[in-house]
Amino acid sequence: MRINCPFCGPRENGEFTYLGDAKPVRPEGGAGEEAFYDYVYLRDNVAGEMSEWWYHGGGCRSWLKAVRNTVTHEFLSVEAAPGAGGKAVQK
Amino acid sequence: MSSHRTASGGLIDRGHSLRFSFDGESMTGQAGDTLASALIANGVKLVGRSFKYHRPRGIFTAGSEEPNALVELRSGGRREPNTRATTIELFDGLEATSQNRWPSLKHDFLSINQLASPIFVAGFYYKTFMWPAKLWESFYEPMIRRAAGLGRAAETADPDHYEKAWAHCDVVIAGSGPAGLTAALAAGRAGARVILCEEDFVLGGRLNADGGEIDGKPAREWVAAAEAELRGMPDVRIMTRTTLTGVFDGGVYSALERVNDHVAVPPEHQPRQRLWRIVAKRAVVAAGALERPIAFSGNDTPGVMLASAVRTYVNRFAALPAKRLVLFTNNDDGWKTVDAVLSAGGQVAAVVDARPAVSDAHRALAGKGQFAILHGGIVDVSGGAGGVRRVKAALTGGAVAEVEADGVAVSGGWNPAVGLTSYHRGRPAWREDIAAFVPGALPPGMIVAGSANGAFSLGACLREGFAAGSQAAADAGHGAAAGNVPAAADEPYSLAPMWHVKGKHKAFVDFQNDVTVSDVALAQREGFESVEHLKRYTTLGMATDQGKTSNVVGLAVMAELTGKGIAETGTTIYRPPYVPTAIGALAGHHRDENFHSVRLPHSHHWAEEQGAVFVDTGLWKRAQWYPKKGEKDWLESVTREVKAVRSGVGFCDVSTLGKIDVRGPDAGAFLDRVYINTFSTLGVGKARYGIMLREDGIVYDDGTTSRLAEDHYFLTTTTAKAGLVMQHLEFCRQVLFPELDVQLATVTDQWAQFSIAGPKTRDLLRELVDPSEDLSNEGFPFMAAREVLLRGGLKARLFRISFSGEMAFEISVPGRYGDAMARNLMIAGKAFGVTPYGTEALGVMRIEKGHVAGPELNGTTTAGDLGLGKMMSTKKDYIGRAMAGREALVAPDRQVVVGVKPVDKGRRLRSGAHLLPKDASPSPQTDQGYVTSVCYSPMLEQWIGLGLVARGRERHGEIVTAYDPLRSETYEVELCDNVFYDPEGGRQRG
Amino acid sequence: MKYSIFSLARAALSGHKNWPRTWRDAAPKERYDVVIIGGGGHGLATAYFLAHEFGIRNVAVLEKGWIGSGNAGRNTTIIRSNYMLPGNIGFYELSMKLWERMEQDLNYNTMVSQRGIVNLYHSDAQRDAYARRGNAMRINGIDSELLDQAAVRKMMPFLNFDNARFPIQGGLLQRRAGTARHDAVVWGYAHAASGLGVDIIQNCEVTGFVRDAAGAVTGVETSRGTIGAGKVGMAVAGNSSRVAAMAGLRLPIESHVLQAFVSEGIKPLIPGVVTFGAGHFYVSQSDKGGLVFGGDIDGYNSYAQRGNLPTVEDVCEGGMALMPVIGRVRMLRQWGGIMDMSMDGTPIIDRTPVDNLYINAGWCYGGFKATPGSGLVFAHLLAKNEFHKEGALFRLDRFRRGAMIDEKGQGAQPNLH
Amino acid sequence: MADFSWTPVSPLQAALKPGRLGEKSGPAGLKLTELTGFSLMQVQARRGRWAETEAAAQGLFGVSAPANPAAVEGSGATLVWSGPQQFLALFPAGYGADWEKRLADAFAGSASLSDQTGGRAMIRIQGARARDMLAKVCSVDLHPRAFATGAAAATSVDHTGVNLWRRADDAEGAVFDLIVFSTFAGSLWHTLVDHAAEFGVEAGRHPA
């Protein structure tokens, strides 16, 4: 498997660590147990295209959001996490 | 020359003889031979025994698809079981031994299994050996296991080494037959970076056996010219002895290069084999086709061989497998064998052709060779271990003919080698016109050409290969190929499918696993009709050849029985690797001490000089203790180290802690979100202990973090979690809280860090630190942190933190001064009896102080369980806060950290003992926790420990039972506060 | 027909022409009391126990392909009950006891072979963790022994004791652990269940649930038509999320690929099962002589039933580091199975929020050894609508309550379990 | 009280044995040299401050900071890309003692700096077989066209993070520089030497 790091170019997947589904968004602090339960535990786990977090820890240490097909393993896109590098990000 | 060596011809080096032995018998072959061709040249017919029935078997093919001719190659640590004689390049001194026989190949005791073969049918073992139950394990299974397997693994560790490598190209090509070579020429001429992998040690594929004419030249000449042209291209790499074995995602291909299998022992510094990971934009699979047999009674008799293999041995290796041969074919291609045998001076006894008629040319050939053409099929072969003697054929119309012969060549047609094309689970498609499966849905970036694609004529192979090479190069961004497609004839194939012939005796489909036509029928009868059930029930195709010669025949027989047709019946899933691959090669360099890399703290070599004993902690080697002469065991050394610290001063390298620079204007706000406690309010020059949770509310890691400047925190993690915490913090920074302006840098290696502890710590530091620095309790209070100047001009960071509970500091200097720091600490502390201590003493002192560590931070404990619940801020959001409040995580009966000490002060404690109420009998209901950490406390002069115990904090003073059946121990312990030593903490503050 | 050496011998006289089908080839009926989705080991075992233990015989097992085509037919065949935590430990021991009588129960030789498992340890901390585990097993009446290095060496002298990056210090041994012939387990349960009247329906893919006005499940839509059901149990590990989604449920599960490997057959070398404590590698040897081995999951969500090279290399590196005598033994085949990786590494056997729909899922890579226990516990729940005492903690709501059963302590990250 | 002497010790002090290693016949296929005495600063732009960071680099070194994987030769320093909007500033042995302060002043407010001098070792890999050896340990395509002079990569060798970049070729062929975490350096050195052994290695050490 090769992952096309937007910063480094295509790299061997051994350089990356997988976290999982990028769809769940961390609730605001006061959102309560139920919202966090959903965020922490429930997954769509789709057979097909899925956006997901990968960490290029063996390279540029950027978190990447990839869209990958879980049936074919094909990567459709790989983009940097919103806060990768020194980009300014508005809350 | 040997008995079956032809007088001339072939690609062997007749001037270069090689000695070798088979089952201890000495023989001679030539350079350019394989073991198989050399055995054939020496007239050897019997080379192995089958798996189940131990039937005598001979060489069946001339390639990596060989089911029968497996040997043990070499000896001792280099003994290599199940090695196909057909792929072993002959070298001088080669030793090969037949396998799965006892006492000898000719007289094999377990060939009595053949007598029981009426019972030993497919799946028989599922129906028996069940009664009486206990006999299965004591008798039946051991008996089956003794019979298991073919060859033996080596007796000692493999003495050779292996390596792995990466290669990158535009186009990787599997196979260097006519299609592969033209693909390489086309892609190379277009300017593409090309890797051409050839399993064999010469290029050319079937051209080496079947010859033919290309562009008006003999095929071998054309191959030589093509090779020369390719070798002249700087971006074309030709890799012989290299099999493309797997197709992975993203254009990654695995290939096995047998670098030194063709010599007795690899030259020094060279690997035996090399595993390549080839990254290619495009792949051209020109892996050819594999001839398939027709199943008939006695078809496993030594001397029965695929027709194409006969031609390979005769034409390429100048070795005659039979002096008087019967050809059994259902297609024109098989007839090429007649030419080959006659030209080499052999006789053809008869051709049995399954088709009702043959061409005029073939009839003429029969006249010239003076043999009969029998239309029909072979119904029996007689012979035995000594090889084929007579062949009986049933003719169309009912007559039976018998001929004397010493060999049978069989051709049931060709199967494209679809393996590589199917490894992404694309199902091959059935093509009726050639009665074969051709590649179906291909992995991305793959093109198939030539006979691998079902194009069996030489002309078509050349055309498809050239087109595929051009296409692949263009897809990879290169221009058009120069030159014309080499031309050759499109010879007819004219196949009439035939899969098996009914006969009286066993007709084998899978030779190695002894699966017969009747086994397939039995499987069908019992409902194992799916091809996958067929495979699993009969073991068809599961032998070392992966069914390369048997699968299609087997499923064709099944299709006939079910009446479903072959297309609907389908194939089983093809699985990599294409050829079995040595586990050593897949491991490469990573074995023995090189299994994983080693991390050494900067003071390692100094510690080595001190005679330290080291312990593996993750990848680190850490000093565990520093034995002194005369100390009888580790406990004595560790006790001395602890006492020295607690009464004087000692130091320990703690550089393995993860260290992270957290910088930027929002560094404090950032830390507030990742720690349960607050760091934004920490003053510059101060340190604070912090705890991180996972988002599920469980403790993730702990450590001390110091604020060195308004916008700079220095965070430490545990040794074990260093990398993971960095990853987690980057996730927080880049994904969860990207609005915060914070930067993270790993500085674990940058700082050599030492803990200096003991009442005389300040005395030592006053020696080491520049006198201008105020180290007094007021000038440098507990939990202060700042940069200081050392004598001699070096700057260091000094932290007044204590893990040991003593008056202690941690001092950091840039890594390259770590060695000097260790040495200087010895000098500075000499007058105070400074004692270096290792991780054991560190552990003892942390247990004495009741600090939690790895065994308590086990991934299931909450901050509350650890007695640190009060640190959880209620004024801010942080990772894990919401989930930490779930009912079961705050339940009153949770197992929480307590101290444990034996009631009998002389008793040793052991981690892992479970804790039960006093006098309770052990049961799941009475199991209330366990001992997590223990040590001998030199200060308390007894063993002490920490444990996780249900409601533990309410039970201080209670006597409970420590139950340790694994070590046959049961004893009483008292639950107590987890701080055993200096609970008021005066020592570390003083 | 009863299977035995006598029936075999009799059949041999007639050229094995009279063997009946191992299980009946059933066509779907209009309605069943219980429909089990998934003709793997768990589904078939559930059907068997429904019929055999609870007398519910109007049962169908629906399989989208051929029975055993999922993880039942693509695992490394290990059986063991060396668990540590309440919930798991009793359950896996229940399962182990059922393995020990399976041949007699099913009249089918599933080749249960209790040659033991050794989990090697390489550090004091690992030893302590195994001591905790082994003692927990003993407290639950399960055999376990803590071996020192000498004992391991005596048992497996071919391991790398002398030249290792992480020297072997000892191991935790469960002698009753071992292996079983995975396909035979599927066929054995099919054979026995079919004999009790269960309909096993292959090539029948479930495409949806039939719901009544109240939302309760009353049947399933399949590629072979609608089939009514009193209760529906799903046992489709690997695809649990996809099937649950048809009922509108989201699960605390991710699907991951686990690769497994077999070598060419060699003469007996490895006595039982051995796991490497300093790398991702475990191995046993089949009755045919192949080394059956594996390691860690590939680590990314996948439904592809195939993995990638880094994991292959990682596993073989572990193998060579542990036993360098296998350097010249060849890997013959590699394959991948889709694991239902749950959020705490522990399975789910429970009712669902949808009436009449029951779930058996989340087996991570421990599903094979659980087969008989899972069948019995799930059948108990389906038959009585009550939890079996050894399956009472595998609840779906444990994540909401914070009552995770996390043997590895990795938290809500499935690819780390 | 005498002052203490603070002698820096290379992380390769014990591992590196200068001289000919591996295959002894013929000319050495490659040279492996530890470069010592360098200073190294990790520079990470603060949020929204990449332009200022670049300007500061321009002012100090007379070149643009690398915005993509490249190693840029500036006046007095090599700037090696190490991730998005961050780079390593590498100074040769003997660069002025006030280097840290000069950087701190220049990048104040625009970038966060972390001294990594003590945390890395630097190895030069050069010679006719340099690429053949690197192909065994490095998954990056180092073909001269794919990895031109000045190209850099943050990648992993033997599961260890490294920064690798290509300098101008010399008479014997390609020249690569590599920096690695100092506590892994000895292990990596052995790995490199093992993989280079078949080509013959000349091992040495000299100031960066």
Side-chain angles (χ1 to χ4, degrees), chain B residues 80-82 118-119 121 124 126-130 141 144-145 148-150 152-154 157-158 248-249 254 522 525-527 530 532-533 536 544 575-576 580-584 586-587 590-593 595-596 616 694 696 698 858-860 886-889 911-912 914 922 924 927 930 965-966, chain C residues 3-5 8-9 12 16 19 21-23 66 103-104 108-109 113 128 131-132 134-135 138-140 146 163 165-166 183-184 264-269 287-289 306 308-309 312-313 316-317 319-321 324-335 401-403 406 409-412:
Chain B
E80 194 187 335
N82 308 330
I119 287 178
V121 292
F124 74 98
Y126 302 128
K127 298 187 181 107
T128 183
F129 302 140
M130 290 179 283
E141 200 202 15
I144 290 176
R145 289 184 75 78
L150 294 166
R152 298 163 300 164
D158 191 340
F248 299 92
D249 289 309
S254 58
L522 175 62
R525 206 169 295 134
E526 295 193 86
S530 149
E532 289 286 351
H533 279 154
R536 289 152 188 266
T544 63
R575 303 196 189 282
T581 304
I583 292 170
L586 289 160
H590 294 101
R591 56 179 282 199
D592 302 329
E593 282 98 345
F595 171 52
H596 280 174
D616 289 302
R694 300 187 307 227
D696 68 353
I698 299 294
N858 64 12
T860 62
R886 283 177 290 168
E887 59 176 77
L889 294 183
S911 294
H914 282 240
D927 184 4
Y930 69 105
L966 283 185
Chain C
Y3 293 147
S4 72
I5 185 67
L8 255 175
H16 299 279
W19 288 112
R21 299 181 75 92
T22 305
W23 63 90
W66 39 278
E103 275 101 13
Q104 284 67 41
Y108 206 85
N109 189 350
S113 172
D128 293 348
R132 174 195 177 191
N135 280 330
R138 294 281 281 265
I139 288 170
N140 281 268
L146 198 61
N163 200 19
R165 173 73 181 82
F166 300 107
D183 291 321
E264 295 180 351
I266 54 171
K267 291 294 175 194
L269 172 72
D287 282 347
K288 287 189 67 205
R306 59 180 183 82
N308 274 292
L309 202 48
V312 182
E313 295 179 35
C316 291
E317 287 166 12
M320 270 305 271
V325 295
I326 63 172
R328 302 173 101 90
V329 174
R330 298 184 201 89
M331 189 232 276
L332 180 61
R333 275 193 304 276
Q334 62 193 85
W335 64 94
R401 289 183 290 114
D406 189 348
Q410 294 290 2

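The sequence lines fix the lettering, A, B, ..., with proteins before strands; numbering per chain opens at 1.
Note on B:Gly584, B:Ser911, B:Pro580: by heavy-atom pairs under 4.5 Å with chain C, the leading option is B:Pro580. Per-residue counts of heavy-atom pairs under 4.5 Å with chain C were compared for B:Ala154, B:Ser254, B:Pro576; the largest is that of B:Pro576. Per-residue heavy-atom pair counts under 4.5 Å with chain C were compared for B:Val121, B:Asn82, B:Ile698, B:Thr860, and the maximum is reached by B:Asn82. Ranked by heavy-atom pairs shorter than 4.5 Å toward chain B, the options C:Ala12, C:Gly265, C:Gly319 are led by C:Gly265. With chain B as the partner, the residue from C:Val329, C:Val312, C:Ile5 showing the most heavy-atom pairs under 4.5 Å is C:Val329. Taking C:Gln334, C:Met320, C:Gln410 one by one and counting their heavy-atom pairs under 4.5 Å with chain B, the maximum is reached by C:Gln334. Between chain B and the options C:Thr22, C:Asp406, C:Ile326, heavy-atom pairs under 4.5 Å are most frequent for C:Thr22. Contacts with chain C were tallied for B:Gly527, B:Pro922, B:Pro118, B:Gly912; B:Gly912 has the most, counting heavy-atom pairs under 4.5 Å. When the candidates C:Glu103, C:His16, C:Arg138 are compared by the number of heavy-atom contacts under 4.5 Å with chain B, C:His16 comes out ahead. Your options are B:Glu532, B:His596, B:Glu593, B:Arg591, and the one with the most heavy-atom pairs under 4.5 Å with chain C is B:Glu593. With chain B as the partner, the residue from C:Asp128, C:Asp287, C:Leu146 showing the most heavy-atom pairs under 4.5 Å is C:Asp287.
Contact between B:Asp696 and B:Arg886 at its shortest, heavy atoms only, is O-NH2, 2.8 Å. Across C:Val325 and B:Ala153, no two heavy atoms sit closer than the pair O-CB, 4.3 Å.
For C:Asp183, the side-chain contact (heavy atoms from CB on, under 4.5 Å) partners at least two apart in sequence or on another chain are B:Arg536, C:Arg181, C:Trp187.
At least one donor-acceptor pair under 3.5 Å links the side chain of C:Asn135 to the backbone N or O of B:Leu966. The backbone N or O of B:Ala148 sits less than 3.5 Å from a side-chain atom of C:Lys267, completing a donor-acceptor pair.
Salt-bridge check for C:Arg165 with C:Glu317: failed, with every basic side-chain N at 4.0 Å or more from each acidic carboxylate O.
Between atom CD of residue B:Glu80 and atom CD of residue C:Glu264 there is a gap of 9.0 Å, rounded to the nearest 0.5 Å. Within the model, atoms CG of B:Asp616 and CZ of C:Phe166 stand 5.5 Å from one another, a figure rounded to the nearest 0.5 Å.
Heavy-atom distances place the side chain of B:Tyr930, and not its backbone, under 4.5 Å from chain C. Looking at B:Arg145, both its backbone and its side chain come within 4.5 Å of chain C, counting heavy atoms on both sides. The part of B:Glu141 that comes within reach of chain C is its side chain, from C-beta onward, which places non-hydrogen atoms under 4.5 angstrom from that chain. Contacts between B:Thr544 and chain C at a heavy-atom distance below 4.5 Å involve backbone atoms as well as side-chain atoms. With a 4.5 Å cut-off on non-hydrogen atoms, B:Leu522 touches chain C through its side chain but not through its backbone.
A heavy-atom distance below 4.5 Å is not found between the side chains of B:Ile144 and C:Lys288.
Between the side chains of B:His914 and B:Asp927, a donor-acceptor pair is found at a separation under 3.5 Å.
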